[in-house]
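To start, the structure itself, in structure tokens.
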Amino acid sequence: MSVTRKIDLKRLFLSLLVVAILSTSWSYVKPNAALATSSTVTIPNFDIPAVTDVQKASEKPNIIVIGTGGTLAGKANNGDPTSFQSYAAGTYLIADLVAQLPNKEKIADVSTYQFGNKGSGGYSIQELYDLSLAVEQSLEQYDGAVVTTGTDTMEEIAYFLDLTIQSEKPVVVTGSMRPWDVIGTDAPANLYQAIKTAASNKTKWYGTVIMLNDTIQAAREVTKGNTHRTDTFDTAMFGALGYVDDSAVRMYRLNGRASKAGTAQWKTPFNLKTIAKADLPSVGILYNYQAAGAGALNGLVEEGVQGIVTAGTGAGGISSALSSARSKAIKDKNIIFVSTSRTGSGSVYSSGNGIISGDNLDPQHARIMLILTLAFTDDFNQMKTWFATVGTQEISISVANDEVTPEPTPTPTPTPTPTIKPTPGTGSGSGSDGSTSPEPTVTPTPEPTATPIPDGSGQAKSFTDTKGHWAEENIRKAVTAGIVNGYTDGSFKPNIEITRAEFLVMLMRLLGEAESKATMTFTDEASIAPWARAAVLNGIEREIVTGYADGSFQPNRNINRMELVLMAIRATDVDLNKYSTTTFADNGDIATWAKAAVAAATEAGIIQGKGNNKFDPNGTATRAEAITIIMNMKKFMEQ
């Protein structure tokens with residue numbers, strides 16, 4: 001019987017299988033249907049001043065300052081210049097404040113835009129949606145942006161911008177602890193230094209940063225630590241990114257975002273242009289304390305929140321009453337919880353059904369992350385993956401025993417630099433005949449020499465980081481079958497992204513490696529590690545891979561979902577002539593050369609889409625996702 005016929009006969013079986021799985025597995029379904037992604041998204045337009053011809057001709061960078069109010073724009077009550085804590089926030093216009101800055105013309109050509117004028121705590125999440133898109137629109141023509149806001153919720157506003165702005169250009173958030181018109185105010189100095197920081201371009205690729213008191217700090221990590229002092233912002237555990245000293249802007253460390261500069265992994269999945277502001281859900285924070293009762297949690301549930309962040313004691317602990325109420329809320333209302341600590345620093349690793357580990361995000365940062373996560377997916381496993389990658393932003397330098405260890409953070413919208421394209425219909429790369437599929441703008445780190453841990457015993461290993469993971473069973477089966485190995489430190493690293501060479505090695509182990517008579521002629525043959533050479537040769541002989549039109553193979557490049565599916569489906573006997581298009585909502589983003597493969601793999605149950613019926617063609621795959629696809633292939637080929 002042909003494989004094509006098998007697919008036709010298996011449709012009913014696969015449908016019943018999905019029903020069976022859903023009946024036995026915990027899954028998240030949004031309780032409020034109104035939160036489903038809107039079919040029509042209207043992107044707001046903002047009256048951002050255009051960069052003038054004079055500014056374009058100038059050698060100085062063009063910086064826009066977007067004012068939202070706060071203490072920096074505050075006016076002392078009764079005109080008293082010694083009224084440090086008694087003032088009306090958000091009184092002065094940002095254009096007037098920038099005009100008062102001396103020597104600003106020496107560092108940048110500065111324009112302004114008044115987004116709003118109130119305290120930071122007065123802005124809704126829906127207004128932050130608009131603010132993010134206003135900054136994004138500004139960066140289409142400006143070299144960098146400064147956003148002024150109040151300090152009360154500055155860290156949350158900055159983190160929202162950090163997670164949603166897709167431009168890599170500098171975004172610097174600033175404010176002040178004293179109003180503009182009192183003696184000893186820090187407002188003009190902070191505004192000037194923020195403009196200098198944005199103009200320096202030193203924070204490009206860092207995501208959104210906060211600059212106050214001459215200190216540059218990452219939006220994800222920084223928090224306000226004092227009610228009145230001008231040095232209120234601090235980064236526990238990690239420290240500042242850099243400092244502004246007179247004319248110098250100096251950066252002294254990378255954060256997780258900057259470590260991915262120029263790669264497809266830099267961007268986050270939270271592109272606000274793909275959702276409406278009404279899609280942003282309600283999320284609360286619950287504070288634990290000695291003998292805490294369940295009243296506050298029950299109140300949040302009654303309010304209709306879709307997610308709750310618990311600020312637990314120690315490593316995230318909550319009282320027995322709260323724990324029972326949490327279990328009930330998960331079971332009855334499908335509410336998603338994120339576990340964090342009230343201590344101010346340190347990591348929380350506890351997770352479970354309906355519960356996500358917040359790692360070292362503090363409660364207010366975790367809430368922003370959860371709001372966006374719930375807005376962009378219904379899939380609980382995807383939520384956990386995003387928190388473990390986009391939320392954690394870990395910098396990892398590990399040596400694998402049989403695969404390279406790339407830096408995590410999957411993203412559906414890579415940075416386009418389409419300078420290399422595969423031969424249409426034959427290449428396994430991520431170019432296309434008419435659609436853009438990007439290449440990273442940095443050279444991949446060559447594969448290090450590594451010694452595999454043999455799996456010849458056929459016995460599954462117990463890894464330190466797979467217990468409770470959504471792919472734990474597939475990982476166990478794949479290791480038992482000798483398809484993949486772990487790492488020398490006892491971990492499996494399920495959430496890191498996988499390269500082209502890594503996936504091909506797994507695929508060839510599934511198919512059964514044999515001595516190949518193929519000849520390798522890739523221009524970058526020297527970069528193919530010894531552990532991957534046999535798999536690449538087998539892939540060539542079986543016509544699973546052909547490389548790129550420029551003659552390269554690029555083994556260390558993170559594989560995107562189109563490439564992965566094309567390799568996988570070529571390893572079967574499926575007749576691709578039967579397929580032409582897919583039913584995914586983002587079908588238009590799938591390259592022509594990949595559409596038939598995606599359609600066939602979907603029908604065969606080898607792959608499935610992500611939230612909102614999207615395939616995410618340019619997104620990369622983690623080790624856990626790759627293993628799941630491999631095991632789905634194994635099941636399909638055995639039927």
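The two atoms that bring Asn556 and Thr499 nearest to each other are O-CG2, 3.5 Å, heavy atoms only. Shown here for Ile483 and Arg509, the closest heavy-atom pair between the two residues is O-CD, 3.1 Å.
Asn255 pairs by the side-chain hydrogen bond (donor to acceptor under 3.5 Å, both in side chains) definition with nothing, not counting sequence neighbours. For the ring-ring contact (aromatic ring centres under 6.0 Å, His included) test, residues two or more places apart in sequence or in another chain that qualify with Phe615 are Phe584. By the side-chain hydrogen bond (donor to acceptor under 3.5 Å, both in side chains) test, Ser516 pairs with Glu541, sequence neighbours left out. The salt bridge (charged side-chain N to carboxylate O under 4.0 Å, His left out) test applied to Glu472 returns no partner, not counting sequence neighbours. The side-chain hydrogen bond (donor to acceptor under 3.5 Å, both in side chains) check on Ser357 picks up nothing, with sequence neighbours excluded. Legend: residues meeting side-chain hydrogen bond (donor to acceptor under 3.5 Å, both in side chains) with Arg367, ordered by chain and number and at least two apart, are absent. Every residue meeting the side-chain contact (heavy atoms from CB on, under 4.5 Å) condition with Gln141, not counting sequence neighbours, appears here in chain and number order: Ile48, Ala50, Val51. In this view, Phe522 and Phe553 satisfy the ring-ring contact (aromatic ring centres under 6.0 Å, His included) rule, not counting sequence neighbours. By the ring-ring contact (aromatic ring centres under 6.0 Å, His included) test, Phe337 pairs with no residue at all, sequence neighbours left out. A search for salt bridge (charged side-chain N to carboxylate O under 4.0 Å, His left out) contacts involving Arg533 returns Glu525, not counting sequence neighbours.
At a threshold of 4.5 Å between non-hydrogen side-chain atoms, the residues Val283 and Val338 do not count as touching. Contact check for Ile165 versus Leu139: side-chain heavy atoms found under the 4.5 Å cut-off. By the 4.5 Å heavy-atom criterion applied to side chains, Gln306 and Ile336 are not counted as neighbours.
Atoms CD1 and CG, from Ile356 and Leu361 in turn, are 11.5 Å apart once rounded to the nearest 0.5 Å. Taking OG1 from Thr466 and CG from Asn495, the interatomic distance works out to 11.0 Å, rounded to the nearest 0.5 Å. With rounding to the nearest 0.5 Å, the separation of CD1 in Ile544 from OG1 in Thr572 is 9.5 Å.
Both tests hold for Arg257 against Trp266: distance to the six-membered ring centre under 6.0 Å, angle to the ring axis within 45°.
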Do Lys169 and Ser167 pass the side chain to side chain donor-acceptor pair (under 3.5 Å) test, and can you show the C-alpha distance, the side-chain angles, and the key distance before you say yes or no? CA-CA 5 Å; Lys169 294 178 181 179; Ser167 173; 5.5 Å; no
Show the numbers, then the answer: is there a salt bridge (Lys or Arg N to Asp or Glu O under 4.0 Å) between Asp589 and Lys614? CA-CA 10 Å; Asp589 296 331; Lys614 291 186 177 181; over 6 Å; no
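Between Phe270 and Trp386, the distance separating the two ring centers is shorter than 6.0 angstrom.
Classification of Arg476 and Glu473 as a salt-bridged pair holds, one side-chain N sitting under 4.0 Å from a carboxylate O. A salt bridge is defined here as a Lys NZ or Arg NE, NH1 or NH2 lying under 4.0 Å from an Asp or Glu carboxylate O, and Arg500 with Glu563 meets this definition. For the pair Lys578 and Glu603, the salt-bridge criterion is met [side-chain N within less than 4.0 Å of a carboxylate O].
Checked by atom type, the side-chain pair Glu497/Asn558 shows a donor-acceptor distance below 3.5 Å. Side-chain contact of Lys260 with Gln393: a donor-acceptor pair under 3.5 Å is present, judged by distance alone. For the residue pair Thr581 and Asn587, a side-chain donor N or O sits within less than 3.5 Å of a side-chain acceptor on the partner.
Applying the salt bridge (Lys or Arg N to Asp or Glu O under 4.0 Å) rule to pairs touching residues 129-145 yields Asp130-Lys277, Glu140-Lys273, sequence neighbours excluded. For residues 491-514, the ring pair (Phe, Tyr, Trp, His ring centres under 6.0 Å) pairs, not counting sequence neighbours, are Phe463-Phe492.
A donor-acceptor pair under 3.5 Å is absent between the side-chain atoms of Asp279 and the main chain of Ile275, judged by distance alone.
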